[in-house]
Amino acid sequence: MKSDELFALLRRRGVLWPTAEIYGGAQGLYDYGPLGARLKRRIEEAWTTWFLGLSNDYYLIDPAEILPEAVVRASGHLENFTDPEVVCDACHSAFRADTVLEKIRPDGVDGLTAAEIAAIVHANRVHCPHCGSSELSVPPPFNLMFGLDYGVTGHERAYLRPETAQSSYLAFARMWDVGRHALPLGIAVVGKAYRNEIAPRQVLFRLRAFTQAELQIFFDPRGLPVPFDAVREERLPVLRVPRREAGEESPEWVTAAELVGKGNLPEFYVYHMVHTFRFFRDVLRYPGDRIRFFEKSDTERAFYNRIQFDIEVHVESLAGYKELGAVHYRGDYDLTRHGQGAGKDFTVTLTGGTRVLPHVLELTFGVDRNVWATADLLIAKDGERTVWRLPPYLAPVAVGVFPLIPKEHGSEAVRIANDLAAHGIPVGYDDTGTIGKRYARMDEAGTPFCVTVDGGTVGTGPEHGTVTLRERDGRTQSRWPVGELAGRIAPALLLPWPARA
RNA sequence: GCGGGCAUAGUGUAGUCUGGUCAUCACAUAGGCUUGCCAAGCCUAUAACCCGGGUUCAAAUCCCGGUGCCCGCACCA
């Protein structure tokens, strides 16, 4: 489906809609409705269950969304958040200042103010690379963070966090003590981050307020031990830099062992690529052939990353591969910076007395983008029928309960619905329209099971006390005693765990 | 941010060029009849010209501003 069509469907069904819609909306902000809120929460829970399931030493924390200025100064976000730009007043093209001035200032323009850069531009009579005009100007730096007047006087500066990762770095010292004074130590955060994006676009793909799920794994720089043998034969779809430079868009399927051997990547890194891939393919149930690991080159990589593969998924609605997560080897950049910023030393002493500054492997996941991706990848048109093939454990409503004839079977159906709900199963009750219409509504909402109460259920014949259980994907129907329903449905709602060696 | 395009019920649309009927059609939604396990049929109801200003006897239609969306460029630390 095209983006517009998919968004119309999601809006109509109450999955999501623009924030402040009645005032005309607000760029880059969306609200989740009943279906969307549940789906998003289930995706977050699936992520948490899977990635915390990788180790007993990985923990979820829930830190504040506001960061004092000292934090973002140390992290580099205050100065590095945006590269200074030069814009052409004649043709309105914009360029990175360091690119335009690379011959004049080969060392770049870091640390210069807009006025200083403008002075260099004019002193050297720099012309627009696009149209040749000399009318270049340098706008004041635009920081992508939302600044806050913090405290009563408003003189203290604070910022909405631009990424959740910083919260984990801030927590490291405390978590070292709370934990067992051992590495590896994983700190996960699922929460909102905020960026004042210049051009929010593509619905959930460029938001000004968005939800990230990130796991920071702190490990001994001499090595992060992983049970690599358990994954060495797993094939991953990988698009590395040389292949990209040859103009290829499609990934190659290579084994984990080859990525380590010929590919020259660390075992711990590839091991986490495998589990990330399995999460997308086996938990979210995205088709494996839509997924690729996209290696970032030296120039594309964020400055703090030593190795960076984005995990990208091909979505039809946006006609291309979109980044839905990433695996970042950040080295000791973050603890070093916060050590300097806070005037502390985050070196830790391991058993045996060795002192190390931990390195960080970051697994990051965009929750909102994956809400969209589940819709894009898992909604299928089947003739007139629209079916959202969500895995049962992600479905906002697990089971729809219908009376075949509301007047005759309604009270029994309500009783059954209440009973299932009491077992912790999310239930939707519907007694309007024809039975086919109710099935269709549930298909569209991703509900995997429907239970229909009919004359047999309430009658005295052999079908007394049994109902029809209809499954979304195969449209198969089977007859079940009411008392066995919860036991039949509940196992399908359990979130998958990663296989541990 | 820049350039181009677009904006009509819940959804998709007709009408806009060429101003003039208290705005078309379908689906969806709600109620009724009928049917009774996969969006059937009939009847009824609800429901819209993005916001603000201007031109005009008259604006969904023309003009200006704003907001939002789409595409391209730039950006995505």
Side-chain angles (χ1 to χ4, degrees), chain A residues 2-14 17-29 72 75-96 99 110 129-130 137 139 141-145 162-163 165-166 193 195-203 205-208 210 296 300-305 310 317-319 322-323 366 382-387 400 402-409 432-444 450-457 467-472 475-479:
Chain A
K2 299 299 294 177
S3 179
D4 285 353
E5 189 188 353
L6 188 57
F7 184 47
L9 169 65
L10 297 177
R11 197 171 32 190
R12 178 166 54 78
R13 289 307 309 250
W17 54 75
T19 296
E21 205 178 4
I22 60 169
Y23 286 96
Q27 266 188 55
L29 299 175
V72 293
S75 69
H77 287 94
L78 206 49
E79 52 177 315
N80 273 320
F81 208 72
T82 287
D83 295 308
E85 278 194 353
V86 174
V87 297
C88 173
D89 295 327
C91 73
H92 302 295
S93 300
F95 310 92
R96 285 171 56 148
T99 309
D110 284 357
H130 181 247
S137 62
F142 178 69
N143 195 288
L144 289 175
M145 284 190 295
E163 62 176 15
Q166 294 308 319
R195 297 179 193 178
N196 198 4
E197 294 284 359
I198 296 168
R201 218 173 259 194
Q202 297 185 317
V203 198
F205 277 78
R206 187 92 66 93
L207 295 168
R208 289 193 168 133
F210 57 103
K296 291 298 185 83
E300 294 165 330
R301 215 154 49 211
F303 58 88
Y304 46 70
N305 280 329
D310 289 346
S317 56
L318 302 172
K322 304 300 288 185
E323 177 194 346
D382 176 7
E384 220 187 332
R385 214 165 66 109
T386 302
V387 191
F402 317 138
L404 187 60
I405 304 171
K407 277 182 228 154
E408 296 174 25
H409 315 131
T432 62
T434 62
I435 193 75
K437 200 171 265 191
R438 292 180 236 162
Y439 285 144
R441 272 197 284 256
M442 286 296 170
D443 286 342
E444 198 176 61
C450 291
V451 165
T452 301
V453 178
D454 59 18
T457 316
V467 292
T468 302
L469 180 68
R470 180 261 196 187
E471 297 188 45
R472 176 194 66 204
R475 293 214 276 177
T476 55
Q477 297 192 340
S478 53
R479 200 87 199 172

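The chains referred to below are lettered A, B, ... by the order of the sequence lines, with proteins before strands, and numbering in each begins at 1.
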Between B:A40 and B:U21, how many Å separate the two C1' atoms, rounded to a whole number? 36 Å
Say you pick atom C1' in B:A60 and the same atom in B:G72; how far apart are they, in whole Å? 30 Å
Rounded to the Å, how far apart are A:E5 CD and B:U11 P? 14 Å
Does A:R201 get its side chain close enough to the base of B:G72, under 3.5 Å, for a donor-acceptor pair? yes
Of all the nucleotides listed (B:A77, B:C38, B:A39), which has the minimum atom distance to the side chain of A:R195? B:A77
Under 4.0 Å between any heavy atoms, over every strand shown, what does A:T476 touch: base, sugar-phosphate, or nothing? Just pick one. nothing
Which nucleotide wins on minimum distance to the side chain of A:T452, given the candidates B:A77, B:C37, B:C75? B:C37
Using whole Å, report how far CD of A:E444 lies from C1' of B:C27. 12 Å
Nearest-Å distance once atom P is located in both B:G68 and B:C27: 35 Å
From CG of A:N196 across to P of B:A77 the rounded distance in Å is 15 Å
In terms of heavy-atom contacts, A:H409 and A:D454 come closest through NE2-C, 3.5 Å
Quick check for you: among B:G1, B:A30, B:C71, whose closest atom lies nearest to any side-chain atom of A:T432? B:A30
I'd like to know if A:R206 reaches the base of B:C75 with its side chain such that a donor and an acceptor end up less than 3.5 angstrom apart. yes
Using the C1' atom as the reference point in each nucleotide, state the distance between B:C70 and B:U35 in Å, no decimals. 45 Å
A:K296 NZ to B:A77 P, in whole Å, measures 7 Å
Within the structure, does a side-chain N or O atom of A:T434 lie under 4.0 Å from either OP1 or OP2 of B:A40? yes
Show the numbers, then the answer: is there a side-chain hydrogen bond (donor to acceptor under 3.5 Å, both in side chains) between A:R13 and A:T386? CA-CA 12 Å; A:R13 289 307 309 250; A:T386 302; over 6 Å; no
Is the shortest heavy-atom distance from the side chain of A:K296 to the side chain of A:N305 under 4.5 Å? no
What is the distance, rounded to the nearest whole Å, between atom CD1 of A:I435 and atom P of B:U34? 18 Å
How close do A:K322 and A:Q202 get, heavy atom to heavy atom, and via which atoms? NZ-OE1, 3.1 Å
Among B:G36, B:A77, B:U11, the one nearest A:E163 by side-chain distance: B:A77
Is A:E444 salt-bridged to A:R12, cutoff N-O under 4.0 Å? yes
Considering non-hydrogen atoms only, spot the tightest contact between A:E197 and A:L207 and give its length. CG-O, 3.6 Å
Hey, which of these two, A:E300 or A:G25, hits RNA chain B nearer its 5' end, going by closest nucleotide? A:G25
Please confirm whether any donor atom in the side chain of A:D4 sits under 3.5 Å from an acceptor in the base of B:C70, or the reverse. no
Nearest listed nucleotide, side chain of A:A8, among B:U11, B:C37, B:A39: B:U11
Ignoring hydrogens and angles, does a donor from either the side chain of A:R470 or the base of B:C38 sit under 3.5 Å from an acceptor on the other? yes
Think A:Q477 has a side-chain N or O under 4.0 angstrom from the OP1 or OP2 of B:C37? no
Record whether the side chain of A:Y23 comes under 3.5 Å of the base of B:C51 through a donor-acceptor pair of N or O atoms. no
Compare the minimum distances between each of B:C37, B:G36, B:C69 and the side chain of A:Q27, then state the nucleotide with the smallest one. B:C69
Check the phosphate of B:U29 against A:R441, side-chain N and O only, distance under 4.0 Å to OP1 or OP2. Yes or no? yes
Distance, C1' atom - from B:C6 to B:C50, rounded to whole angstrom: 12 Å
When you look for runs of 3 or more Watson-Crick or G-U pairs in a row, both distances below 3.5 Å, which of them include RNA chain B? B:1-7 with B:67-73, B:10-12 with B:25-27, B:29-33 with B:41-45, B:50-54 with B:62-66
side-chain hydrogen bond (donor to acceptor under 3.5 Å, both in side chains) evaluation trace for A:R479 with A:T468: CA-CA 5 Å; A:R479 200 87 199 172; A:T468 302; 3.3 Å; yes
Can you find a side chain N or O atom of A:K2 that sits less than 4.0 Å from OP1 or OP2 on B:C70? no
Integer-rounded Å distance: B:C70 P and A:F7 CZ: 8 Å
A:R11 CZ to B:A28 C1': how many Å, rounded? 14 Å
With rounding to the closest Å, how many angstrom separate the P atoms on B:A47 and B:U11? 16 Å
Over all heavy atoms of both residues, which pair between A:P162 and A:M145 is shortest? Give the atoms and the distance, please. CG-SD, 3.7 Å
Rounded to whole Å, please give me the gap between CD in A:E408 and P in B:C37. 12 Å
Same-atom distance (C1') from B:A26 to B:A58, integer angstrom: 31 Å
Side chain to side chain donor-acceptor pair (under 3.5 Å): pairs with one or both residues in residues 18-29 of chain A, sequence neighbours excluded: A:T19-A:D31
Taking the side chain as C-beta and beyond, is there a heavy-atom pair between A:R441 and A:T432 under 4.5 Å? yes
For a quick check of understanding: with a heavy-atom distance under 4.0 Å over all strands, which category does A:D454 fall into, base, sugar-phosphate or nothing? base
With rounding to the closest Å, how many angstrom separate the P atoms on B:U56 and B:C63? 16 Å
Contacts of A:P406 and A:S317 projected onto RNA chain B by closest heavy atom; the upstream (5') one is A:P406
